[in-house]
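Because the structure is a prediction, the values reported are computed rather than measured. Below, all heavy atoms of this structure are taken into account, side chains as well, without hydrogens, waters or symmetry copies.
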Amino acid sequence: MAEKMEPRSPRLGRPPTITSEQIVDEAKRQLQSGGADALSMRALAKSLGTTPMALYRHVGDKEQLISAVLDVYSQDLGALVLPQDQVERLRMIFTAIFETLASERWIIELLQRGGRGGSGAVVLVDRAMAACVELGMSPRRALLVYRALWNYTLGALLNIYDTTTRPEGSVSPLAVKIREIGPEKLPVLSEVLEDWPGGTTTESYLEGLEVLISGYTNSD
């Protein structure tokens, strides 16, 4: 009598083949749709139909993945064609940074959490400092000017994000406080109070940027 064959357990297949580019693209999509909190290696692996370990083999840990996403996203910034005029170059660089970050809030969230800027953005930092050096500044002063312009840009972006989360037509907490204290104690702030209700806008950012660059470079 023939020996009864035991049924074989089905072989588990390998996880589907993925590439680093696919991982970075999906991570970018999740960041854009849900912000920095939406990204996890487990959730990313599930959406790609693979395992977290496979992701680690391709792109390293989460910090390395975020760095790769920022590198890809900032490529266009690094390839920006800049004018010869140093002052105009500074204007273009910071306008490009502002417009990029204003449309992609998740990048600010990552930077606030200690994320490293993308390679393209780092190239722009060097170009901005080079413009200052060409205007006669020392590298250290050029760094200070860059940091001041970056801090102004970051502050403007955070103000814009704050405005978008407030109910339409509401007044900023600062404007309320100015009104409470009154014009006798705050004459200058009270005079410009009408600029506060709408919060920071792209136009007001550019106006302030012009004031700062003109001051730092002594240009009219």
Next on the checklist: Taking Val69 as the starting point, is it possible to reach Val122 by hopping between hydrophobic residues whose side chains are less than 4.5 Å apart?
Outcome noted: no

Next on the checklist: I'd like to check Leu77 versus Thr100 (side-chain heavy atoms, cut-off strictly below 4.5 Å). Are they in contact?
Outcome noted: yes

Item to check | ILVMFWY network linking Leu154 to Val211, side-chain heavy atoms under 4.5 angstrom | outcome: no

Checklist entry - Any side-chain heavy atom of Met41 within less than 4.5 Å of one from Leu65? => result yes

Checklist entry - Are there more than 12 heavy atoms of other residues, nucleotides or ligands under 6.0 Å from atom CD of Gln84? => result no

Checklist entry - Are Val123 and Met92 grouped together when hydrophobic residues (ILVMFWY) are joined by side-chain heavy atoms under 4.5 angstrom apart? => result no

Checklist entry - Is the closest side-chain donor-acceptor distance between Tyr205 and Thr153 under 3.5 Å? => result yes

Checklist entry - By side chain to side chain donor-acceptor pair (under 3.5 Å), which residues pair with Asp37, not counting sequence neighbours? => result Arg113

Item to check | Member of Leu212, Leu206, Leu149, Leu124 meeting the side-chain contact (heavy atoms from CB on, under 4.5 Å) criterion with Phe94 | outcome: Leu149

Item to check | Those residues that, when tested against Glu207, pass side chain to side chain donor-acceptor pair (under 3.5 Å) (two or more places apart) | outcome: none

Item to check | Cluster overlap Trp106 with Ile108, hydrophobic side-chain contacts below 4.5 Å | outcome: yes

Checklist entry - Looking only at side chains, do Gln30 and Ser47 share a donor and an acceptor under 3.5 Å apart? => result yes

Next on the checklist: Can you tell me if Asp25 has over 12 outside heavy atoms packed within less than 6.0 Å of its CG?
Outcome noted: yes

Checklist entry - Under 4.5 Å between side-chain heavy atoms, hopping through other hydrophobics if needed: is there a path connecting Leu144 to Ile93? => result no

Item to check | side chain to side chain donor-acceptor pair (under 3.5 Å) involving Tyr146 - partner list, sequence neighbours excluded | outcome: none

Checklist entry - Is there a side-chain contact between Ile181 and Leu189 (heavy atoms, below 4.5 Å)? => result no

Checklist entry - Is Ile18 close to His58 at the side-chain level, that is, under 4.5 Å between some pair of heavy atoms? => result yes

